[in-house]
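To start, the structure itself, in structure tokens.
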Amino acid sequence: MKLPYSYYQNQDVVFLAKDLLGKVLFTEIEGNITAGIIVETEAYFGVMDKASHAYGGRRTDRTEILYNDGGLSYVYLCYGIHHLFNIVSSVKDEHHAVLVRAVEPLIGTEIMELRRNMPVSKAAISSGPGSAAKALGIDRSFNTKDLTGEEIWIEDHNIRYTPDEITARPRIGVAYAQEDAFLPWRFFVKGNKYVSKPNK
DNA sequence: CAGAGGATGTGCT
DNA sequence: GCACATCCTCTGG
């Protein structure tokens with residue numbers, strides 16, 4: 001049920017970003033389990049991708065995590081406010097990651113409502129990378145955690161989407177990446193209300 | 001050691 | 001639709 005270490009060693013991060021749609025992301029914090037179905041992701045293609053934090057082999061304290069083998073979480077703070085959760089899928093000299101941009105609340109929804117201070121009926125509860133992380137209780141203390149461990153993990157609940165149920169679009173907020181900003185490496189489930197805007 | 005800026009969300013207009 | 005919150009990280013001096 002829990003995705004194994006080997007799953008995260010897949011070198012095709014674009015495939016992985018698509019394959020993660022429908023997988024279920026869990027966290028357990030002080031005995032509270034929450035989980036959501038991943039409905040929106042973005043692929044970041046290692047050293048070749050100007051939008052990636054590992055572009056050009058860039059290596060700093062923050063990005064050091066990307067230079068480990070896959071199967072770790074990469075959480076960093078954006079705009080001083082939002083925690084963004086990534087799945088590291090690096091192997092050898094390929095330092096890839098997948099950003100989880102939205103989840104559909106599945107388990108522990110009342111806990112998510114407390115964390116987000118809004119009813120689960122509102123799509124904004126877990127729509128967008130900052131909100132999805134907050135709903136699941138993910139903050140920077142989750143950085144570098146093992147995704148096959150006891151605090152954060154991903155399960156396959158046999159939810160499958162057909163190719164025509166998935167939309168590919170350019171990634172959000174990466175205008176600085178020049179020509180790479182146009183790559184259609186944002187994937188989301190068509191019509192799912194928890195997908196962040198723009199969702200068409 | 002200071003300063004700028006960022007893979008965004010919210011609330012007000 | 002737009003302003004602004006808020007702070008870590010990287011860069012340059």
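By convention in this document, chain letters (A, B, ...) are assigned in the order of the sequence lines, proteins followed by strands, and residues within each chain are numbered from 1. The shown structure was predicted, so the numbers you read here are calculated from the model rather than taken from an experiment.
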Apply side-chain contact (heavy atoms from CB on, under 4.5 Å) to the pair A:V98 and A:E42, showing each step before the final yes or no. CA-CA 6 Å; A:V98 176; A:E42 283 179 3; over 6 Å; no

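- Of the residues in residues 37-71 of chain A, those lying under 4.0 Å from DNA chain B by heavy-atom distance are A:Y44, A:A51, A:H53.
- Not a single salt bridge (charged side-chain N to carboxylate O under 4.0 Å, His left out) links A:D180 to another residue, sequence neighbours left out.
- In this structure, A:L77 places its CG atom 12 Å from C1' of C:dA5, rounding to the nearest Å.
- Among pairs with a residue in residues 38-61 of chain A, those fulfilling ring pair (Phe, Tyr, Trp, His ring centres under 6.0 Å) read A:F45-A:H96, A:F45-A:W185, A:H53-A:Y74, A:H53-A:Y76, at least two apart in sequence or across chains.
- By the salt bridge (charged side-chain N to carboxylate O under 4.0 Å, His left out) test, A:E104 pairs with no residue at all, sequence neighbours left out.
- Residues from residues 80-106 of chain A that place a heavy atom under 4.0 Å from any atom of DNA chain C, listed by number: A:G80, A:I81.
- Using a cut-off of 4.0 Å between Lys/Arg side-chain N and Asp/Glu carboxylate O, A:K2 and A:E155 are scored as not salt-bridged.
- A cation-pi contact links A:R59 to A:Y67, judged by a cut-off of 6.0 Å to the six-membered ring centre and 45° from its axis.
- If you take CE of A:M118 and P of B:dG9, they are 11 Å apart, rounded to a whole angstrom.
- Counting to the nearest Å, the C1' atom of B:dG9 and the NZ atom of A:K122 are 14 Å from each other.
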Both distances under 3.5 Å, Watson-Crick or G-U wobble: on that basis, could you give the dot-bracket string for DNA chain B, with [ ] for crossing pairs and | for other-strand partners? ||||||.|||||.

Give the intermediate values and the outcome of side chain to side chain donor-acceptor pair (under 3.5 Å) for residues A:D69 and A:Y8. CA-CA 8 Å; A:D69 284 342; A:Y8 302 103; over 6 Å; no

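- In this entry the distance linking CG of A:L183 with C1' of B:dA7 reads 14 Å, nearest Å.
- Salt-bridge formation is not detected for the pair A:K18/A:D12: no Lys NZ or Arg NE/NH1/NH2 atom is positioned less than 4.0 Å from an Asp or Glu carboxylate oxygen.
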Working note: A:L25 + A:I152, criterion side-chain contact (heavy atoms from CB on, under 4.5 Å); need CA distance, chi angles, decisive distance, verdict. CA-CA 8 Å; A:L25 175 59; A:I152 182 165; 4.1 Å; yes

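- Of the side-chain N and O atoms in A:Y79, one or more sit less than 4.0 angstrom from OP1 or OP2 of B:dT8.
- Across the protein-nucleic acid pair, A:Y76 atom OH and C:dC7 atom C1' stand 14 Å apart, rounded to whole Å.
- In this entry the distance linking CZ of A:R186 with P of B:dT8 reads 10 Å, nearest Å.
- Counted by atom type alone, A:Y7 and A:D19 present one or more donor-acceptor pairs between their side chains at under 3.5 Å.
- Side-chain contact annotation: A:T167 with A:R186, donor-acceptor N/O pair under 3.5 Å absent.
- Among the heavy atoms of the strands lying under 4.0 Å from A:R116 are primed sugar atoms or P, OP1, OP2 only; no base atom is included.
- As rounded to whole Å, 19 Å separates atom P of B:dT8 from atom CG of A:D139.
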